[in-house]
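Take a look at the structure below.
Throughout, numbering of the chain's residues begins at 1 and tracks the sequence.
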Amino acid sequence: MLLIIMSTFGCKPDPLEYARPSDLAGTIYTQLESMGNFNYYLQCLDKTEYKEPLVKGGSWTVFAPTDEAFEKFMQEEGYTTVDDIPSSRLLHLVQYSIIISGWNTTTLTYGVNNTGFYAGSNFKRDTQYRDTIVEINTADYNLHPTENKFPDGVYKVAESYLRIKPTAFFLQPYFDAKPRFQTSDYSFLFPGETFTENGMKVFDANVSQTNVVAENGMIYALDKVIEPRKTQYQNLTSEEYGEKYTTFKRLLERFAFLKERGDVVNEVTGETETIYNLLFSTGITLNNLPFNPYDESYPKLLNNVDRTLANGTGLAVPTNDALEQYLLGDSILGQFYSSYDDMPLDVLGKFLSTFFFTDFWDLCPSNQGSEVLNVGLNPVNYKIEDVVDQKFCSNGFFVGVNKVYENANFSTILGPLLLDPEYTIMLKAVQDAEIDNALQSVSTQFSIFGIKNDQFIDIKDPNSATRTITVVDYLPDLSVIQIEVKENGVVDRLYPLDMNSPTSADVSYVTTTLQDIVLNQIVEANVDLTDNNYYQTKSGEFIYGSQGNQVAGGGDISRNDPALVVSVRDTDNGKFYDMSHAIERPLVFTYGALVENSTTFSRFIEVLTAADALVAIPNVSDDKLISFLNLSRTFTLLAPNNSAIEQAIADGVILDPNNLSGLTPLELAIAKQDLLNFAKKHFIQQAIATNGITAGTFSSMYFGKVIDFVPVYDQFLFENSHVPSNLTVKNATTGAVITETGALTNILSNRVVIHEIENYLK
C-alpha cells in the first residue's frame, strides 16, 4: 500500500513535458497577426466583442478579407481609415465573416440529405450575423386585409425573423454533386466572375488562401470584403434597381401580415421592446405563396429535412413595366382583370407561383433548352435573354426579368373557374372537394359544364328525393354560403339560419351539398356532344350528350328539358361549357323508376316487395329505397322484365311473390331469402351505361359463400356496345352468353342505371 501511495502521489509531472509546443499554430487572432496581411480586419475585430473568442479559444471558421481587399472596399465607400466605417456596418461585416466551428474545404460541404451524411451536400454555413430590428409604417405596405389584425401605424419588425443569416461558398464537390448545376453557371450567378476548377469562392470573392489552420479553427483569406446579403424579398427594394420591382413587392405583400413576436432586446437601442414579425402566408394547396421569400430558411416543401445549408430557392421577378404591359396585352388574365389589385387571392397566388422555383439552379444557363419547372411543377417559358438583373441573396437566387410568363393553371380547364367571377361558387366547391389540382393536370382530359353563381336555383338536393337547393346569399370571400331548401316546392329552411354566426353543422351541410351538385357537372373525359352518348360524371351519375349542344341528366330527361350549351372555351386539357342551367340529377330512386315503367317491371317490383327489400322514405309516398344498396356508391340494375320473372318462377328459381301465403314460417323465410338473393344478383356493383366505354368483369350484390370472412360475390362479364346500344352479359368463367339488354336501357335513377333484360341472371 505504501508503494502504491508513493507511486501515485509522490511523483510530480515535468512542466516541460506538458508545456505548449513552440511550433503549435496560434489561435485565429494571433495567426492572423502573424500572417501580416490582415491588419484592417484585425482593427475591425478590435472594435467588437468577437476579438476575445478568436484570441482565447472555441471553434471557429473565419472568412478574413486581406488588407488589399479592405483598401479597395474603403476606397469605393469613401472611407480613409477603419475608424470611418460606421460601427453598425463594421459589426455586421465582422459577424458575417465568422462561422461557428472549424471547417476545412471538405467538411465545409458536409451535410445531411435523404440518404445520409456526405461531402458535397452543402454550400452554406451559418454566420454570427442576424438581421436587425427595423421600424416600418404599415401604411406603406399592401398587407393581407383579413390576416393582418393590426391597424396602420409604425411597428418594430424583426427582419427575416432574426434568423441567422448564412454565407455562401462554392467548392468543386458541390458542383460535382449537383448534375443540374455546372461550374459555368457560376458566372451567371455572379456576372463578371468565373469559377476555376477545384477553386473556392465565397459569394463573388476569390479565396486566395484556404485551410489555414489555427489552434481554434480555420482561416480563409478573401480578396473582397463580404457584407451580409439581403433576402430575396429585401432585394426587391435594393437601391441599384431604383423602384423597378415595387409592383411585384406589393403583390407579394397581399399575402403578408404582422404577428406579435413578444418582447425582444433591440440590438440597436439595447432596450427591451415589443417586436413583430412580418409573415407571409405560404402553401401551394391554399393558393398562397409557394414559399416565404423573406425567410432565411429553405422551405420544407417535400419533407422535414432542413435543407437550408444545401439548397437555395429561385425567384424570377418581372419588372414593373413587364407586369403593366402583361395586363394591357392579349393575356389570359388581362381578359378578366384590368388591375392586379382586383384579383382574388387564389388567382393572384397562382399567378405569382409561376415565378417561384424550388432550386436556384433551375434559373441557370445549364438548364436552358430543357423544360423549366416552377415550384408547382408547371412548365415556365423562362429564357436567359429575358434576364435584366441577377443577385445571389442569402436565401436563394434573385433574377429580374423583362417578361411575364403565362401560368399553366390559367390555360387548363380550371382557368375559367379561377378567372371568371361568375363562377366563384363552383370554384369554391371544386376546391372544397380537393380536385382543383387534378383539374390542372394536362395529362388528363376533362369536360366541365359550368354553373354560374346565379344558376344555383332549385337544383335537386343530392341528399333527398323531395328537396331542392337555391343559393340565396354568400359572403364576398365565400367563407359562408347560404342556401334555401324547399321541400316539395315549399320553403323548408335556410342553411345557415344566421350568416353572421353559422353553426359548423350548417356550414358542413352546405359545403357537402354544393360539392355534390358541382361534381355532377364534371366529366373526366372529352365529351362528344354530337355522339349522342352517355358519360359518367365525377358524382357517379350519368349525363347524356346529344344534338351537338345538349346535355341532360336523369332529371332533365324526365322533364324533357336538357341543358343547352351557350358557349365553349377550349383549354389545354379539355373544354369548358357555359350552360343554360345546371344538369339535373335523376329525380327518383330505383323503385320510383321501376314504377314509372311498371308495364315492363311490375313483376320485379313484386319480387322486391315480397323480399322485404324496400325501405320507405319519410314524407315520400311514391318512392322507396333498396335496403341492401349503399348509395354513396353507384350501381347497375339488370332488371328482368315480366317475362323473365315468369321464367324464373317456372324454372323453380324463386316462388311466385304473390303466392307466399299459406307457407309455414320456415318455408316463408326460405322463399323470402331466395327472392332477396335473386334481386341482389341483378344489382351490379358498377354503374354501366351502354356507351361503349365500361366493360369487363364486375360483381353483383349476391354472394353464396364467405372465405376468410370475405364475401365471394357472383361475377359477370360485360361487353358494352354504343352502336347498337346494348350490354351483353356472360358467365365470367365460361364466357357463355346469359342475356342481353332489352328495349328499355339507360334508365337513370338516383345512383343506379337500369337496363331491361329478357332473361334472368343465373
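Listed by chain and residue number, nothing satisfies the salt bridge (charged side-chain N to carboxylate O under 4.0 Å, His left out) test with Asp473 (two or more places apart in sequence, or in another chain). Glu667 meets the side chain to side chain donor-acceptor pair (under 3.5 Å) test with Thr664; sequence neighbours excluded. The salt bridge (charged side-chain N to carboxylate O under 4.0 Å, His left out) search around Glu524 returns Lys538, not counting sequence neighbours. When the ring-ring contact (aromatic ring centres under 6.0 Å, His included) test is applied to Phe356, the partners found at least two apart in sequence or on another chain are Phe291. Every residue meeting the salt bridge (charged side-chain N to carboxylate O under 4.0 Å, His left out) condition with Lys428, not counting sequence neighbours, appears here in chain and number order: Asp432. With sequence neighbours left out, the salt bridge (charged side-chain N to carboxylate O under 4.0 Å, His left out) criterion links Arg467 to Asp461. For the side chain to side chain donor-acceptor pair (under 3.5 Å) test, no residue two or more places apart in sequence or in another chain qualifies with Thr636. Applying the side chain to side chain donor-acceptor pair (under 3.5 Å) criterion to Ser621, with sequence neighbours excluded, gives no partner residue. Listed by chain and residue number, Phe678 satisfy the ring-ring contact (aromatic ring centres under 6.0 Å, His included) test with His682 (two or more places apart in sequence, or in another chain). With sequence neighbours left out, the ring-ring contact (aromatic ring centres under 6.0 Å, His included) criterion links Tyr405 to no other residue. Residues meeting the ring-ring contact (aromatic ring centres under 6.0 Å, His included) test with Phe357, sequence neighbours left out: none.
Using a 4.0 Å cut-off between charged side-chain N and carboxylate O, Lys486 and Asp492 make no salt bridge. No salt bridge links Lys460 with Asp516; every basic N to acidic carboxylate O contact stays at or beyond 4.0 Å.
A donor-acceptor contact under 3.5 angstrom links the side chains of Thr424 and Asn453, judged on distance only. A side-chain N or O of Asn642 and one of Ser602 form a donor-acceptor pair less than 3.5 Å apart. Judged purely by distance below 3.5 Å, without hydrogens or angles, the side chains of Asp651 and Tyr760 pair a donor atom with an acceptor atom. If you check the side chains of Glu606 and Asn658, you find a donor sitting under 3.5 Å from an acceptor.
Side-chain N or O atoms of Ser441 include none that pairs as donor or acceptor with a backbone N or O of Asn437 at under 3.5 Å. Under the 3.5 Å distance criterion, the side-chain polar atoms of Asp674 are left unmatched by any main-chain donor or acceptor of Ile654. For Tyr713 (side chain) and Phe698 (main-chain N/O), no donor-acceptor pair under 3.5 Å exists by modelled atom type. A donor-acceptor distance shorter than 3.5 angstrom exists from the side chain of Glu541 to the backbone of Arg751, with no hydrogens or angles considered.
Minimum interatomic distance between Ser725 and Thr690 (heavy atoms only, all atoms of both residues): OG-OG1, 2.5 Å.
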Donor-acceptor pairs under 3.5 Å, side chain of residues 410-423 to any protein atom, not counting sequence neighbours: which ones?
residue	atom	partner	partner atom	Å
Ser411	OG	Ala408	O	3.0
Ser411	OG	Asp572	OD2	2.7
Thr412	OG1	Asn409	O	2.7
Thr412	OG1	Leu414	N	3.4
Asp420	OD1	Glu422	N	3.0
Asp420	OD2	Arg569	NH2	2.7
Tyr423	OH	Asp578	OD1	2.4

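The CD atom of Gln521 sits 13.0 Å away from atom OH of Tyr577, with the distance rounded to the nearest 0.5 Å.
Between Phe718 and the options Thr697, Thr694, Val729, a side chain to side chain contact (heavy atoms under 4.5 Å, CB included) holds for only Val729.
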